[in-house]
Amino acid sequence: MLDINVHDTYFVFSQIDLTILISILFGIIGIGYWIMLKANRKLSKWLNLIHITLTFGGILLIWILAQLFRESIMEYNFNNNLTFGIYLIALIAIFGQLIYPINIISGIIKNRNKTSG
């Protein structure tokens, strides 16, 4: 379950809802890569590698760090630093998703310039 607190409002998402949302997002990304493959458009290998690394590496790191939470009240500062690290990795992974449309657009533009020139 995911709880997001914005001022006095709590947004609560169940695990199945998050699973469905993540599956849809990965499906959309996969369809985009597949369409580019079928259209014979060349994508940047470096941008692909960065995008995939930030996506799966970020998820893996967040999962690993989440396992390190301590239950003792004396470890409050440790958990705060851990939470900050998780948020930072999540933010980097989210910004890493901007590489996907950049790669798709650059693949379309690169191949269009080659055919018209």
Side-chain angles (χ1 to χ4, degrees):
M1 191 159 42
L2 175 69
D3 300 334
I4 299 175
N5 180 9
V6 180
H7 298 291
D8 287 338
T9 305
Y10 283 92
F11 298 99
V12 180
F13 300 97
S14 69
Q15 188 173 4
I16 189 70
D17 291 338
L18 288 174
T19 304
I20 291 170
L21 176 65
I22 291 170
S23 298
I24 289 170
L25 291 176
F26 279 131
I28 291 169
I29 290 170
I31 287 173
Y33 280 128
W34 181 77
I35 288 171
M36 295 299 285
L37 179 70
K38 291 299 180 184
N40 289 326
R41 304 286 187 186
K42 296 285 184 187
L43 296 175
S44 168
K45 290 181 182 180
W46 284 107
L47 290 178
N48 279 346
L49 181 65
I50 293 169
H51 175 246
I52 292 170
T53 302
L54 287 177
T55 301
F56 291 109
I59 291 170
L60 183 64
L61 278 174
I62 289 171
W63 180 77
I64 290 170
L65 290 178
Q67 304 305 311
L68 298 176
F69 268 101
R70 299 197 179 144
E71 299 298 323
S72 171
I73 230 145
M74 299 299 288
E75 303 295 337
Y76 183 73
N77 287 335
F78 178 80
N79 283 345
N80 274 346
N81 292 335
L82 195 59
T83 302
F84 176 73
I86 290 173
Y87 284 147
L88 186 63
I89 292 169
L91 188 64
I92 291 170
I94 289 169
F95 279 125
Q97 301 311 303
L98 295 175
I99 293 171
Y100 172 73
I102 291 169
N103 196 9
I104 297 288
I105 292 169
S106 70
I108 292 170
I109 291 172
K110 265 196 282 186
N111 290 332
R112 186 175 291 165
N113 289 340
K114 286 181 183 178
T115 58
S116 65

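Heavy atoms only: backbone and side chains are in, while hydrogens, waters and symmetry mates are out.
Taking 4.5 Å as the limit, some side-chain heavy atom of I108 sits within range of a side-chain heavy atom of M36.
Rounded to the nearest 0.5 Å, atoms OG1 (T55) and CD1 (I94) are 10.5 Å apart. Interatomic distance, CD1 of I104 versus CD1 of I35, reported as 8.5 Å (0.5 Å rounding). Taking CD1 of I99 as the reference point, atom OG of S106 lies at 11.0 Å (rounded to 0.5 Å). Note: S44 OG to I50 CD1 = 7.5 Å, rounded to the nearest 0.5 Å. Taken to the nearest 0.5 Å, the CD1 atom of I52 stands 11.0 Å off from the CG atom of L47.
By the side chain to side chain donor-acceptor pair (under 3.5 Å) test, Y33 pairs with N48, H51, sequence neighbours left out. Under the side chain to side chain contact (heavy atoms under 4.5 Å, CB included) criterion, L65 pairs with L68, L82, I86, I89, sequence neighbours left out.
As a member of the Ile/Leu/Val/Met/Phe/Trp/Tyr network built from side-chain separations under 4.5 Å, L25 groups with L21.
Scanning all heavy atoms of the two residues, the minimum distance from A93 to G58 falls at CB-CA, 4.4 Å.
Hydrophobic clustering keeps I16 apart from V12 (ILVMFWY residues linked when any side-chain heavy atoms are closer than 4.5 Å, directly or through intermediates).
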I92 vs F95, side chain to side chain contact (heavy atoms under 4.5 Å, CB included): CA-CA, chis, key distance, verdict: CA-CA 5 Å; I92 291 170; F95 279 125; 6.0 Å; no
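Shown are I29, L54, I105; of these, the side chain to side chain contact (heavy atoms under 4.5 Å, CB included) with Y100 is made only by I29.
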